[in-house]
Amino acid sequence: SSSWKTISYHANHLYLGDDGYGFQIFSLQNPTQPRLVGKAPTAAEGRYAWVNDEQTYAYILESWGGTRIHVIDVRDKSKPTRRGFYWDATHGSYYTHFMGRGNYLYVPGANWDETLSLDIIDVSNPDAPRKINQFPNLNAQGGVGPRMAMFGNSVYVTTPENLYLYDISQPGAPVFLSRLKLFTIHNPILSSPQIFADNSYAYIVSTDEDTFLVVDIKNPRQPKIAGNIGKEPRFAFRRTAVSNLLGEHDGRLAVKNGFAYVTSGEDYTQLGPDDTLQLFHIIDVRDPTNPIYVKGFEDEFFVQLRTKLL
């Protein structure tokens, strides 16, 4: 089988980690006919890929038995080569996705004591990546790993309840700026909200709270909620704690030209015959203080399945 969570795009190449087929590089020189140009084996659950700006190294994160990072030399796209390997005892989970800056990777994790962490991995030596630090003041429990967004010299981290803001002008030594409470969570194993950030606003979707938030981050030391769509039934995020832990129904969020695009990765088993399954949503955020739900698109497979059942 084939499954991946993130795809990195650089200069007409796609880089992805597939838990069935390992690390793969596709050429998009002809966008209508992607072509596999190189691949390298990785361990199971290696679904997350990140490539540095120079396109010299790719990093694959997989979470089976603890956070593992594979370093892959991609200078020759036709012959990607495995280099170093990092392992620790945290539980990354299916939800773990990561980012980097320069010679540093920022890797979220859920520790065995039920606390959340955001580790800093030094990859300046591709043969021997090592943990050097953690993001400070990330006091959170439960969940299945924090999520993050980067813009400029800022990193924005969500946990099930809070938004944390950091300055990474020195990438190996983040400075804590502020924390904003987003939700009051009573179930400790809920997932951290998805987040997308630009220079003025952070956009947040909680699949557990069925809520879309816009946070004003122009003053990073005093972030504030600017607008929201609360308990939006059309999001149809009817997922159980079990499916959250399994992580098979993860969503994504992106914002472009005044509109937010949300995928809601749904669990078919949690829906009844009268439910709709809208997996893609559009939200107008041109006025950040008044986000407006525009439209949702229902999954065609579920439409056909429901028709057959009825």
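Owing to the predicted nature of the structure, the values given are computational and were not obtained by experimental measurement.
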Going through the distances and angles, do Asn153 and Arg101 end up as a side-chain hydrogen bond (donor to acceptor under 3.5 Å, both in side chains)? CA-CA 9 Å; Asn153 286 325; Arg101 169 65 61 84; 3.3 Å; yes
Within a strict 4.5 Å, meaning less than it, do heavy atoms of the Val262 and Ile283 side chains meet? yes
Side chains of Val71 and Tyr86: does their closest heavy-atom pair fall under 4.5 Å? no
Which word best sums up how the rings of Tyr164 and Tyr166 line up, parallel for under 30°, tilted for 30 to 60°, or perpendicular for over 60°? parallel
Minimum-distance pair of heavy atoms, taken over all atoms of Gly172 and Ile120: O-CD1, 3.8 Å
Yes or no on side chain to side chain contact (heavy atoms under 4.5 Å, CB included) for Val74 and Thr56, after CA distance, side-chain angles and deciding distance? CA-CA 5 Å; Val74 294; Thr56 51; 5.7 Å; no
Identify the two heavy atoms, one from Ile195 and one from Met148, that lie closest to each other, and give their separation to 0.1 Å. CG2-C, 3.7 Å
For a 4.5 angstrom cut-off between non-hydrogen side-chain atoms, does Ser154 reach Ile168? no
Could you walk me through whether Gln29 and Asn12 pass the side-chain hydrogen bond (donor to acceptor under 3.5 Å, both in side chains) test, one step at a time? CA-CA 6 Å; Gln29 195 166 22; Asn12 292 326; over 6 Å; no
For a quick check under 3.5 Å, do His281 and Tyr261 share a side-chain donor-acceptor pair by atom type? no
To check you understand the geometry: which heavy-atom pair defines the closest contact between Pro223 and Leu180, and what is its length? O-CD1, 3.7 Å
So, do Val107 and Leu118 sit near enough that their side-chain heavy atoms are less than 4.5 Å apart? no
Measure the spacing between OG1 of Thr81 and CG of Asp73 and express it to the nearest 0.5 Å. 5.5 Å
Within a reach of under 6.0 Å around NZ of Lys77, are more than 12 heavy atoms found that belong to other residues, nucleotides or ligands? yes
Is there a side-chain hydrogen bond (donor to acceptor under 3.5 Å, both in side chains) between Asn162 and Thr158? Walk through the geometry before answering. CA-CA 6 Å; Asn162 298 305; Thr158 60; over 6 Å; no
Indicate whether the side chain of Asp198 and that of Ser200 have a donor and an acceptor atom separated by less than 3.5 Å. no
Verify the neighbour count for atom NZ of Lys181: are there more than 12 heavy atoms of other residues, nucleotides or ligands below 6.0 Å? yes
Hey, mind stepping through Leu36 and Ile25 against side chain to side chain contact (heavy atoms under 4.5 Å, CB included) and telling me if it holds? CA-CA 6 Å; Leu36 178 66; Ile25 303 176; 5.8 Å; no
List the atom of Pro41, the atom of Arg82, and the distance in Å for their closest heavy-atom pair. O-CD, 2.9 Å
Aromatic ring centroids of Tyr106 and Phe135 under 6.0 Å? yes
When rounded to the nearest 0.5 angstrom, what distance separates CZ in Phe259 from CD1 in Ile282? 8.0 Å
Measure the CG-OG distance between Leu163 and Ser178 for me, rounded to the nearest 0.5 Å. 7.0 Å
Taking the side chain as C-beta and beyond, is there a heavy-atom pair between Leu177 and Tyr156 under 4.5 Å? no
In this structure, CZ of Phe212 is separated from OH of Tyr203 (nearest 0.5 Å) by 7.5 Å
I would like to know whether His10 and Asp53 meet side chain to side chain contact (heavy atoms under 4.5 Å, CB included); could you show each step before the answer? CA-CA 8 Å; His10 291 271; Asp53 291 338; 4.2 Å; yes
For Ser192 versus Pro160, what's the shortest heavy-atom pair and its separation? OG-CD, 3.3 Å
Flag if over 12 foreign heavy atoms under 6.0 Å of CD, Gln170: no
Does the gap between the ring centers of Phe23 and His70 come in under 6.0 Å? no
Kindly determine whether Tyr15 and Gln24 satisfy side chain to side chain contact (heavy atoms under 4.5 Å, CB included), including the steps that lead there. CA-CA 6 Å; Tyr15 303 83; Gln24 301 179 60; over 6 Å; no
Measure the shortest side-chain to side-chain distance between Thr159 and Leu138 over non-hydrogen atoms and say whether it is less than 4.5 angstrom. yes
Transitive ILVMFWY side-chain link Ile292 to Val214, under 4.5 Å: no
Working to the nearest 0.5 angstrom, can you tell me the gap between Asn219 CG and Arg221 CZ? 8.5 Å
Heavy atoms from other residues, nucleotides or ligands near CZ of Arg179 exceed 12 (cutoff 6.0 Å): no
With heavy-atom distances below 4.5 Å as the criterion, would you say the side chains of Pro193 and Phe183 are in contact? yes
Please round to the nearest 0.5 Å and tell me the distance separating atom CD1 of Ile69 and atom CG of Leu61. 5.5 Å
Under a 3.5 Å cutoff, is there a donor and acceptor pairing between the side chains of Asn125 and Arg130? no
pair Ile229-Thr211: side-chain heavy atoms closer than 4.5 Å: no
For the student: nearest non-hydrogen atoms of Asp284 and Gly258, plus distance: OD1-O, 3.6 Å
